[in-house]
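In what follows, chains carry the letters A, B, and so on, assigned in the order in which the sequence lines appear, proteins first and then strands, with residues in each chain numbered from 1.
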Amino acid sequence: MKLHGIRVAHKKNTANCAPERLVIPKSVTIPMSMHIGKPANIAVHKGDDVKVGQLIGEADGFVSSNIHASVSGEVRQITERLNAHGQKIPCVVIEADGRQEKYEKLAPPQVTDFESFVKAVKDSGVVGLGGAGFPSFVKLNVYNLPAVEAVVINAAECEPYITSDTRTMLDKGEYVFKGIEAIRRYMGVKRFIIGIENNKKEVIEKMKALAKETEDVEIHVLPSIYPQGGEKVLVYNTVGRIIPKGGLPLDVGVIVINVTTLAFVAEYLETGFPLVEKCLTIDGSAVKTPKNVIAPIGMSIRDLIESAGGLKTEPSKILYGGPMMGISVPSMDEPVLKNTNAVIFMDKKEAAPPKTTACIGCGACAAHCPFRLDPRAIAKAYRLDDGAALKALCVDLCMECGCCSYVCPAHRPLVQTNVLGKGKLKEYLFSQQALQKQETKARQQEQKKKGGADNE
Amino acid sequence: MNKLISSVSPHFFSRRSTRTIMLDVIIALLPTAIASVIIFGLRSLLIIGVCVAGCMVSEFLFEKLCKRENTIGDLSAVVTGLLLAYNLPVSIPVWQAVFGSVTAIIVVKQLFGGIGQNFANPAITARIVMMTAFSGSMTNWVAPFTAKMPDAVSSATPLTAAAKGTVSMMPSYLDLFLGRHAGCLGETCVLTLLLGGIYLIIRRVITWHTPVVYLATFALLSLICGKDVLYQLMSGGLLLGAIFMATDYATTPSTVWGKVIFGAGCGLITILIRFWGNLPEGVSFSILIMNILTPYIMKLTRNRPLTGGVEP
């Protein structure tokens, strides 16, 4: 069985651009939530002097992440701002002194076993750098280690434009393998698979050459069909197992980790220097020269593009991430986040949304869905407010890859309706649960009454 | 600074639209139009023009009347007009062609909600209505290459000739392939219809499943019935129907297995009508009947989500 997907234009214009280090901006704004989970607790005060790599946000709770200063300077302000998801997030604004002094207490972590390895990953502040932003230490902190049969390293990079993972593998390929060694040593995993799309010939060659020097690392060349880098798609295409609905890769004995995340972990184990800067791709129709850059986290998009060569025209849309699943940002003041792997500037023509027309029933949406959902039926169920139908159609399986919306000749908002449908399904399930509770309560009361009557 | 557009992903779309799909179908139908002019003379151009214009004007006026959005830009009315014209004999009176166009667009398509909402193929249904209403002029077949003569010579289609057993009226395989015989103006030329079909499959507008299964079922069953398979395949509206009308999006299944069932059903019904029915031809009715069954076929063949064994 083959999973469906779409062939999108690759637009990997920047694959050959070695990342360029940008000039440090005058100030950075670092949000306390650049990850999935609870925002970090602010660990500094207004007026404090901070140095590069110093902890400014402490992981709060089970799923959270540490946050470090990306520039040296003075904490100017502690504010709140809306993130791209519409949540109010506390932020630390640091005015840079331009000296970029490293925090003197930073030292390579002492890693001897699994616990200290997970702690090191936690201390590094790394989150899923492929774009998801899930705190990596939570993912690696597996209770039942022997259950992990394989680690799949996600190097598919299936989104158009983005080449930051490509650059990781070309420039820091050795670290990818050092990361593999660390996982092998501290987690006891035996099998490693690196999944790469076949549009990255140079990368595949390099990784194959490196893989020869070590054992049990397979380089899996995948067809360039979006969404090859989707976790479930990648796991199916590399180890042939379907992750059950609502489950994790761990349910089929696999951990999936992004290649840049892994390389960073390995680098951290060597240097002890936390995640404070990010290699990202700057591209899009409004950009003067597409390139890869290394930017400090918290740098505003305005500073970023000015420092990276400027714009050709006024952008109409700016994206964090690729055009298939990226998030459009409301303003140029938004900061670069940990999980930002690209910033795409679209001109008016590229950003113009296509006109939505009536569904002609071609079935392209269902024929291209990797999980074989039927977006047309889901849209109908959503319109009819039919929770039971949404449940039967498994709308909660949708990973929002956007293939359906991409292929629709009528340009209907299909994936968008799926997202709304997920919300409606949740509501429906809640109401079903409440109903059930009420029923059992009523039954119990009735039984009680009966019991009482019998006693009399 | 202008305001940035904020929208949910994806931010990138395929360039294919309803309009480009319909344009592809029109391109695929064009060689057949040329063939019909060569075979039946310039009057076929008049009929094609009348049907296309009739369909577009009906759509435009109806949408104006109902204050709906004007959709003639998507070119689907042009496709309906072309297909309707291809299903008419060249000698059809112009007013009857106009009547057919109005029926196709207003009664079959717009009254059910417009593009994508109709349950039956507009061109086919209009043809069936016209066959019932104007049975005389709808079966007034004209022999090819006789357009310039003062009185068009009446002729028999290959199927009526075969049904009556008049061997002298039965065209050769080559004549069938090139369309040099009496019939509806767009159904005779096998060559151009096949070219159009191949174009549509290459352009991924249609998949091969429906036409191939339809023709294969038909060929197999006519072989079992002891008929001349090649003759039967190349005569009547079989190819026109199998390639262009059994593959209409709105009125046929969109799943692979649905297409297979649809094609097989069409093949079976065509055989039943051709060999045992009262009519010489059964393509229109077979497609219409399968159109009606389409929602059930879709229910039967819907994709199963890959839940990894978890119940929904």
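- Considering all non-hydrogen atoms of both residues, A:Y406 and B:F13 come closest at CE1-C, 3.4 Å.
- Scanning residues 15-32 of chain B against chain A with a 4.5 Å non-hydrogen threshold yields B:R16, B:S17, B:T18, B:I21, sorted by number.
- The two residues A:K317 and B:L4 have their closest heavy-atom pair at N-CD2, 4.0 Å.
- In terms of heavy-atom pairs under 4.5 angstrom with chain A, the leader among B:S254, B:G308, B:P10 is B:P10.
- Heavy-atom distances place the backbone of A:V407, and not its side chain, under 4.5 Å from chain B.
- For a residue to count as touching a neighbouring chain, one of its non-hydrogen atoms must lie under 4.5 Å from one of that chain's; by this rule A:C359 touches chain B with the backbone only.
- The 12-atom threshold is exceeded at NZ of A:K424, counting heavy atoms of other residues, nucleotides or ligands nearer than 6.0 Å.
- With a threshold of 4.5 angstrom between heavy atoms, A:K11 approaches chain B through side-chain atoms but not through N, CA, C or O.
- The contact between A:C408 and chain B is made entirely by backbone atoms, counting heavy-atom distances below 4.5 Å.
- If you tally non-hydrogen atom pairs under 4.5 Å between each of A:G322, A:G363, A:P244, A:P323 and chain B, the highest count goes to A:P323.
- Contacts between A:L319 and chain B at a heavy-atom distance below 4.5 Å involve the side chain alone, from C-beta outward.
- Across all their heavy atoms, B:F12 and A:V8 have their closest contact at CE2-CB, 4.4 Å.
- Annotation for A:C394 and B:T307: closest pair SG-CG2, 3.5 Å, computed over non-hydrogen atoms.
- Heavy-atom neighbours of A:K312 NZ from other residues, nucleotides or ligands within 6.0 Å: above the threshold of 12.
- For the atom pair B:L306 CG and A:I243 CD1, the distance stands at 12.0 Å (nearest 0.5 Å).
- Residues from residues 110-124 of chain B that place a non-hydrogen atom less than 4.5 Å from a non-hydrogen atom of chain A comprise B:I115, B:G116, given in numerical order.
- Contact annotation for A:R241: neither backbone nor side-chain heavy atoms come within less than 4.5 Å of a heavy atom of chain B.
- If you measure heavy-atom distances from A:K232 to chain B, you find no contacts under 4.5 Å at all.
- When the heavy atoms of residues 62-83 of chain B are compared with those of chain A, the residues falling under 4.5 Å are B:E69, listed by number.
- For A:T357, the part sitting under 4.5 Å from any heavy atom of chain B is the side chain, from C-beta outward, and nothing else.
- Residue-environment remark: NZ (A:K422) exceeds the threshold of 12 foreign heavy atoms within 6.0 Å.
- With chain B as the partner, the residue from A:S328, A:G326, A:G361, A:A366 showing the most heavy-atom pairs under 4.5 Å is A:S328.
- For the atom pair CD1 of A:I327 and OG of B:S7, the computed distance is 11.5 Å after rounding to the nearest 0.5 Å.
- Between chain B and the options A:A410, A:P413, A:P354, A:G402, heavy-atom pairs under 4.5 Å are most frequent for A:P354.
- For residues 289-304 of chain B, every residue pair satisfying the salt bridge (charged side-chain N to carboxylate O under 4.0 Å, His left out) rule, not counting sequence neighbours, is listed here: A:D374-B:R302.
- The CG atom of A:L393 sits 11.0 Å away from atom CG of B:N303, with the distance rounded to the nearest 0.5 Å.
- Proximity to chain B (any heavy atom under 4.5 Å) is restricted, for A:L3, to the side chain, taken from C-beta onward.
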